[in-house]
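Following this message is one structure expressed as structure tokens.
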Amino acid sequence: MDNLNIEGTKQTPEIDFDAASGILKISGRSIPENTFEFFNPVLLWLDSYAAEAPEKVIAKINLEYFNTSSSKYILEVLKRLKNILHDGKDVLVQWYYEEDDEEMMETGEDYEDVSGLPFEIIAVEED
Amino acid sequence: MNTYEKFRKMMDNHIMLSFKGEITSDIINMVLQIMETRLDAVAEKGSVRKKIFNVLVECMQNLYHHSEPEVPGQIHTRRAMLELSFNEDYYFILTGNYIKNKEIKRLKERIDRVNSLSKEELRKYYREILDNNRISDKGGADLGMIDMARKSGQKLDYNFTEVNDELSFFDLTVKVAKKK
């Protein structure tokens, strides 16, 4: 299966999904006005990935900002990962936040709670 | 008021940016860019800066998605306003846009509900809506107001001014506390 690589912009995050290694990275900011347009290909990729995922999948989510319309789609991404978990694969979400960004940490906890996936919430130092 | 007086007034009120017109995708990007520069200039960084950004993005996208045109059916008359300012204690993000009178009740109820909730209740409500709501066609999914209240940690201040039988002007001020 092909990897999914989408370059980041001022409004949309960088997507770096490596099919074979199972490392799925989302980073940057996600504040587009039309969230569907951006996330739909990402969700479609994950749909096909379910059948081909390796034994261990790690999603590394490192977002600086995202708007509330992206927040629904992030949950959709996590739901796709949940399906992979249900297929008996090992799935881990690593949620990164800048150390003084309490909201982003809490948001990670919110997603952990709502998705029911195993999460690691990781503080990183600010640039 | 002559121009100098206008200028003085903007200075005294610490207006960082003021805009009136249609909110397009390009305008949103430009405002965010200007604000990055302005916040650099006042050396605001870290969590306060992020809060301002988050609130600003939500506010502008509300204007982008929900402004009603001044003249029914004429999209280019979706005029709105945006003003960013500060005082000793807070940053203020003020937006104003037209809204249909018949939509006031629902919007008012939503904001009042958000304002009535504590920090923990807001968080619970956010999780509930995130989990249950379908994505609305305008993308807002009702999370915007909750998110602004959470990020700002302040009550949302709003007014409706009736314009005519169809329309009112809705203004919303969100405050973000400066770091002490």
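In this text, all values refer to a predicted model and were calculated from it rather than measured experimentally. Order of the sequence lines fixes the chain letters, A, B, ..., with proteins taken first and strands second; residue numbering starts at 1 for each chain.
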Inset, instruction - Find the one option among A:D110, A:I31, A:V114, A:D101 whose heavy-atom pairs under 4.5 Å with chain B are most numerous. - result: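 Of A:D110, A:I31, A:V114, A:D101, A:D110 has the most heavy-atom pairs under 4.5 Å with chain B.
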Inset, instruction - Inspect the contact between B:K50 and A:E64 and indicate whether a charged nitrogen and a carboxylate oxygen are less than 4.0 angstrom apart. - result: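 Answer for the salt bridge query: no.
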Inset, instruction - Measure distances from A:F36 to the heavy atoms of chain B and classify the residue's part below 4.5 Å as side chain, backbone, both or neither. - result: neither
Legend entry - Short side-chain to backbone donor-acceptor contact, A:D100 and B:S47, under 3.5 Å: yes
Inset, instruction - In plain terms, say whether B:K51 and A:E103 are close enough for a salt bridge, that is, a side-chain N and a carboxylate O under 4.0 Å apart. - result: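 Yes, this pair counts.
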Inset, instruction - May I ask you to say whether B:D131 pairs ionically with A:K72, meaning some side-chain N is under 4.0 Å from a carboxylate O? - result: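 No, B:D131 and A:K72 are not salt-bridged.
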Inset, instruction - Heavy-atom distances under 4.5 Å only: say whether B:K179 touches chain A with side chain, backbone, both or neither. - result: side chain
Legend entry - Atom pair CG (B:N29) and CD (A:E33), whose distance is rounded to the nearest 0.5 Å: 6.5 Å
Inset, instruction - Using distance alone, with no hydrogens and no angle criterion, decide if A:N67 and B:E58 have a side-chain donor and acceptor under 3.5 Å apart. - result: no
Legend entry - Distance, nearest 0.5 Å, that separates CG of B:L32 from CZ of A:R29: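 Spacing of CG (B:L32) from CZ (A:R29) equals 7.0 Å.
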Legend entry - Straight-line distance of B:L143 CG to A:S69 OG, nearest 0.5 Å: 9.5 Å
Inset, instruction - Could you tell me which portion of A:E106 (side chain, backbone, both or neither) has an atom closer than 4.5 angstrom to a non-hydrogen atom of chain B? - result: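 Looking at A:E106, backbone and side chain both touch chain B.
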Inset, instruction - Measure the CG-CG distance between A:L75 and B:L130 for me, rounded to the nearest 0.5 Å. - result: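 A:L75 atom CG to B:L130 atom CG measures 5.0 Å (nearest 0.5 Å).
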